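See structure below.
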Amino acid sequence: MSTAASDKAAPEKLTPVYGPSSEQPPLFDGTTRLYTAYICPYAQRVWITRNFKGLQNEIKLVPLNLQDRPAWYKEKVYPPNKVPALEHNGKIIGESLDLVKYLDANFEGPSITPDDPAKKQFADELLSYSDTFVGSVFSSFKGDVANEVDPVFDFLENSLSRFNDGPFFLGQFSLVDIAYIPFIERFQVFLSEVLKYDITEGRPKLAALIEEANKLEAYKPTKVDPKQTVEAFRKRLSAQ
Ligand SMILES: N[C@@H](CCC(=O)N[C@@H](CS)C(=O)NCC(=O)O)C(=O)O
């Protein structure tokens, strides 16, 4: 596994978003493409992985307008019609956590997978818990927020005490941080601005994780404008 010091991503100019009238990029022409949406936390996981591994030139971003997707995406590229999806070696592959692992296994660049068996096991546990984490926080928005999210963020704080060789979930930066950070980023914004709940209060390890993540060149360009997060979450809440 690599330290944040091996994070060598260079700033990149963001590709404009593809909407209904955008022409489809040629499919299976040998280019590796990440179909993504700048607003999507699942897609952000794969984007961070690509950047951390220094694959900006190898993997081209195709950012979609999620509200108004081009018809060719569902028809010709990825029938589930979700992002992220990766076009590689004549195939389309989906599911963010599978893609994070796929990039690590099939491309050059610093590893994000631990070698240590104890870290590997803990990584599996935390990755399995990630959907529960996301679901629990979302469902708290309509309830008694503090009571419902306290145990969830306390669980993260305790998990961050397991390995002490760095500020991240497994000590050094890994796929576990990549799985959680896009959601921690959004929950921190929404819970603080709208529901007046500070996820870092009394949780120094979580605060340190966020601080260190914010220094990573691989992560910085993937962060979402907080206003967009608030707007997206408000919409989601009112649709429930
Ligand atoms: N389990 C999927 C979830 C992906 C997902 O839900 N993506 C959302 C955007 S954040 C999406 O594409 N939604 C479009 C839709 O459901 O129609 C993953 O981990 O990749």
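Whatever order the structure lists ligands and atoms in, that order sets their numbers, starting from 1. Quick note: residue numbers are just sequence positions, from 1. Because the structure is predicted, anything quoted here is derived from the model rather than measured.
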Original post:
So is there a nitrogen or oxygen of Leu97 less than 3.5 Å from a nitrogen or oxygen in ligand 1?
Top reply: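 Such a contact does not occur with ligand 1.
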Original post:
Within the structure, does Arg69 bring an N/O atom to less than 3.5 angstrom of an N/O atom in ligand 1?
Top reply: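 Min N/O separation from ligand 1 is below 3.5 Å for Arg69.
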**OP:** May I ask whether Pro84 places a heavy atom under 4.0 Å from ligand 1?
**Re:**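 Within the 4.0 Å threshold, so yes.
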Could you tell me the residue and atom name of the protein heavy atom closest to [atom], and the distance to it rounded to 0.1 Å?
{"atom": "atom 12 (O) of ligand 1", "value": "Val83 N, 2.9 Å"}
{"atom": "atom 13 (N) of ligand 1", "value": "Lys82 CG, 4.3 Å"}
{"atom": "atom 19 (O) of ligand 1", "value": "Ser96 OG, 2.6 Å"}
{"atom": "atom 1 (N) of ligand 1", "value": "Glu95 OE1, 2.8 Å"}

Subject >> Among Tyr78, Tyr42, Tyr73, closest by any non-hydrogen atom to atom 6 (O) of ligand 1 >> reply: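 It is Tyr42 that holds the nearest heavy atom.
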Original post:
Taking the six-membered ring for Trp, are the ring centroids of Phe190 and Phe141 within less than 6.0 Å of each other?
Top reply: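 Here the rings of Phe141 and Phe190 have centres that are less than 6.0 Å from each other.
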Subject >> Sidechain-backbone polar pair: Glu185 side chain, Lys223 backbone, donor-acceptor under 3.5 Å >> reply: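 The answer is no, because no donor-acceptor pair under 3.5 Å joins these two groups.
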Subject >> ligand 1-proximal atoms of Gln67, by part, heavy-atom distance under 4.0 Å >> reply: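 The answer is neither.
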Original post:
When you look for heavy atoms under 4.0 Å from ligand 1, do you find them on the side chain of Leu66, its backbone, both, or neither?
Top reply: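 The answer is the side chain of Leu66.
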Salt bridge flag under 4.0 Å for residues [X] and [Y]:
{"X": "Glu212", "Y": "Lys215", "result": "yes"}
{"X": "Asp165", "Y": "Lys119", "result": "yes"}
{"X": "Glu12", "Y": "Arg50", "result": "yes"}
{"X": "Arg33", "Y": "Glu87", "result": "yes"}

**OP:** Determine whether the side chains of Thr222 and Gln44 contain a donor N or O and an acceptor N or O closer than 3.5 Å.
**Re:**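 Side chains of Thr222 and Gln44: pair found under 3.5 Å.
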**OP:** Could you tell me how the ring of Trp47 sits relative to the ring of Tyr38: parallel (under 30°), tilted (30 to 60°) or perpendicular (over 60°)?
**Re:**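 Trp47 and Tyr38: tilted rings.
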**OP:** With heavy atoms of Cys40 as the reference, note each atom of ligand 1 found under 4.0 Å away.
**Re:**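 Reading through ligand 1 atom by atom, the close ones are 7 (N), 9 (C), 10 (S).
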